[in-house]
Amino acid sequence: MDQLLAMRVFCAIVEAQGFSAAAERLDSTHSSVSRQLKRLEAELGVQLLNRTTRRFSLTAAGQRYYEACVDILARVDAASQAMANEHQRVAGTLRVSVPLAIGTLELDDWLPAFQQRYPDIRLDLSCSDEMVDLVAEGFDVALRISRPLGDSSLMAKPLVESSIVLVASPAYLARRGLPTTPQDLGQHELIAFSGSQTAADWSIETAQGTTVSVPVGGRLTTDAITAAYAAALSGVGIAAFTWNTVRPALARGHLVHVLPGCTLGRRIYYALYPHTRHVAPKVRAFVDYMSEHYRAR
């Protein structure tokens with residue numbers, strides 16, 4: 001017997017003052033309500049109602065049981081509502097691991113609008129290009145920029161695919177000239193990012209579908225994408241970034257797209273989070289927001 005259902009039927013009979021009225025309230029039938037009550041009384045081993053053809057009244061045991069049922073059902077309903085509210089409420093601390101490019105260079109492009117949309121989320125942001133163990137280190141979600149990922153124990157949601165482009169400051173190009181072919185790059189200062197798999201050479205794909213390998217032999221090599229970005233802005237040389245990272249600076253004229261018909265390949269932005277049957281609302285909100293953000297770019 002479903003004890004909670006039986007309690008609800010019993011309370012409905014008492015509060016509706018009759019079997020037919022209780023059945024209507026419960027969207028059931030008179031006979032079904034009557035059977036539930038008989039089973040309940042048999043289970044408890046006591047008579048809950050004094051019944052006649054015209055009316056009924058609570059027995060002393062029935063009165064005590066009714067009061068207990070009201071309390072129990074109120075607690076059950078309150079707990080269920082609290083869980084439903086918690087499931088719908090997008091709130092709490094969200095620990096996120098992001099690459100330096102997203103956490104610093106792209107931050108002003110996505111964070112203010114995210115905080116405005118979800119004021120009850122407290123974002124704990126860790127900015128590092130190192131791969132982290134989400135479960136062991138207690139992260140809810142991670143964003144990564146990489147080549148296509150293989151099989152993983154994590155859920156991997158692609159957010160956007162972005163070209164890797166070459167950029168330089170207007171001051172640098174005014175001083176050194178604008179390269180028009182990949183071969184021209186040999187006469188320029190190229191900023192090497194040692195955190196990249198293409199640090200030793202840039203494999204440049206042309207608009208004609210050919211590939212040109214260019215040695216990156218400039219006077220600056222750095223393992224921090226933020227340093228490479230600052231160097232490019234300050235006129236040190238030409239650097240390579242994903243389009244998403246430099247798009248705002250290009251729009252403001254702080255950087256210039258060099259060799260616009262060429263790319264250094266493409267990278268995919270991923271959101272990674274642990275496999276689970278029920279994704280927390282705060283995680284789902286963040287992943288969906290970042291996907292929406294990048295699709296609009």
Side-chain angles (χ1 to χ4, degrees), residues 1-96 113-123 134-135 138 140-141 153-157 271 273-293 295:
M1 182 182 67
D2 186 331
Q3 190 79 13
L4 285 177
L5 175 59
M7 286 181 173
R8 292 190 189 279
V9 170
F10 174 60
C11 287
I13 294 169
V14 174
E15 292 161 5
Q17 293 292 301
F19 289 83
S20 296
E24 185 176 349
R25 176 184 292 189
L26 297 170
D27 194 21
S28 183
T29 63
H30 184 288
S31 59
S32 177
V33 168
S34 180
R35 283 195 302 270
Q36 282 282 359
L37 179 63
K38 288 178 181 178
R39 288 173 188 165
L40 180 59
E41 289 179 323
E43 180 78 17
L44 297 175
V46 297
Q47 185 176 343
L48 299 173
L49 297 177
N50 293 313
R51 296 182 285 278
T52 68
T53 55
R54 291 191 173 185
R55 58 179 300 177
F56 71 85
S57 62
L58 285 165
T59 64
Q63 181 64 43
R64 291 194 300 273
Y65 189 68
Y66 170 72
E67 292 171 358
C69 286
V70 169
D71 180 61
I72 291 168
L73 293 174
R75 291 172 182 268
V76 169
D77 291 343
S80 297
Q81 187 60 51
M83 290 301 98
N85 291 342
E86 184 65 24
H87 178 71
Q88 295 300 323
R89 182 169 174 253
V90 182
T93 297
L94 183 68
R95 292 203 69 213
V96 182
F114 176 79
Q115 290 188 319
Q116 183 176 9
R117 182 181 298 184
Y118 300 108
D120 293 327
I121 289 183
R122 178 182 178 275
L123 201 60
L134 266 67
V135 176
D140 296 299
V141 61
S153 60
L154 299 172
M155 292 294 294
K157 178 181 175 61
Y273 50 96
H275 279 282
T276 179
R277 288 184 62 189
H278 301 290
V279 178
K282 60 185 179 181
V283 173
R284 176 62 62 195
F286 181 77
V287 172
D288 288 348
Y289 171 84
M290 295 306 291
S291 180
E292 176 187 324
H293 163 73
R295 283 200 309 269

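All heavy atoms count here, side chains included; hydrogens, waters and symmetry mates do not.
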Looking at [X] and [Y], what are the two nearest heavy atoms and their distance?
X: G62; Y: F10; value: O-CZ, 3.6 Å
X: A22; Y: A16; value: N-CB, 3.7 Å
X: A12; Y: L26; value: CB-CD1, 3.8 Å
X: A23; Y: H30; value: CB-N, 3.7 Å

So do [Y] and [X] actually touch side chain to side chain, heavy atoms under 4.5 Å?
X: S34; Y: K38; result: yes
X: I121; Y: V90; result: yes
X: V283; Y: L94; result: yes
X: L58; Y: L48; result: no
X: I13; Y: V9; result: yes
X: E15; Y: V70; result: yes
X: Q3; Y: L40; result: yes
X: D71; Y: E67; result: no

Please report the interatomic distance OH(Y65) to CD(Q47), rounded to the nearest 0.5 Å. 15.0 Å
Which value, rounded to the nearest 0.5 Å, describes the distance between Q36 atom CD and S31 atom OG? 11.0 Å
With a 4.0 Å cut-off on N to O distance, would you call R8 and D2 a salt bridge? no
Within a 6.0 Å radius of atom CD on Q17, are there more than 12 heavy atoms belonging to other residues, nucleotides or ligands? yes
Here's a test for you: under ring-ring contact (aromatic ring centres under 6.0 Å, His included), which of Y118, F114, Y273 qualifies with F286?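 For F286, the ring-ring contact (aromatic ring centres under 6.0 Å, His included) check succeeds only for F114.
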side-chain contact (heavy atoms from CB on, under 4.5 Å) assessment of D288 paired with E292: CA-CA 6 Å; D288 288 348; E292 176 187 324; over 6 Å; no
Given 3.5 Å as the limit, does a donor-acceptor pair link the side chain of S80 with the main chain of V76, or not?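 Yes, S80 side chain to V76 backbone: donor-acceptor pair under 3.5 Å.
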Taking the side chain from D140 and the backbone from R95, do they hold a donor-acceptor pair closer than 3.5 Å?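 At least one qualifying donor-acceptor pair exists.
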